[in-house]
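Here is the structure we will look at, set down as C-alpha cells.
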Amino acid sequence: MERLAQILDPVAFDDRAEPRTLGALWDQTCRRMTAQQHAARAIAAGWAPTSESAP
C-alpha cells in the first residue's frame, strides 16, 4: 500500500526539500495521508499490481 501511495503522489513522500516551514510540512503530511487513503481504497476495491512483463 505504501508503494502505491508513493506512486499516486510522489511529492508527498519527497523529504529532500530544505528548509521547510511548518506550513509546508503540514501540507506534505496532509498530502501523504490523502495518498495513503486513496491507496487503501484502491486496494479495497480490488486493485492489484500488474506484472511489468505483461504485454
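None of these values were measured; they are calculated from a predicted model. As a basis for the values below, the full set of heavy atoms in this structure was taken, side chains included, without hydrogen atoms, waters or symmetry mates.
A donor-acceptor distance shorter than 3.5 angstrom exists from the side chain of Q28 to the backbone of D14, with no hydrogens or angles considered.
Legend: salt bridge (charged side-chain N to carboxylate O under 4.0 Å, His left out) pairs involving residues 1-13, not counting sequence neighbours, sorted by first then second residue: D9-R31.
Hydrophobic side-chain contacts under 4.5 Å tie I7 to no other Ile, Leu, Val, Met, Phe, Trp or Tyr residue.
Summarising the geometry, atom CE belonging to M1 is positioned 11.0 Å from atom CD belonging to Q6; distances are rounded to the nearest 0.5 Å.
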Under 3.5 Å, side-chain donor or acceptor atoms of residues 37-48 against the rest of the protein: list the pairs with distances, not counting sequence neighbours.
none

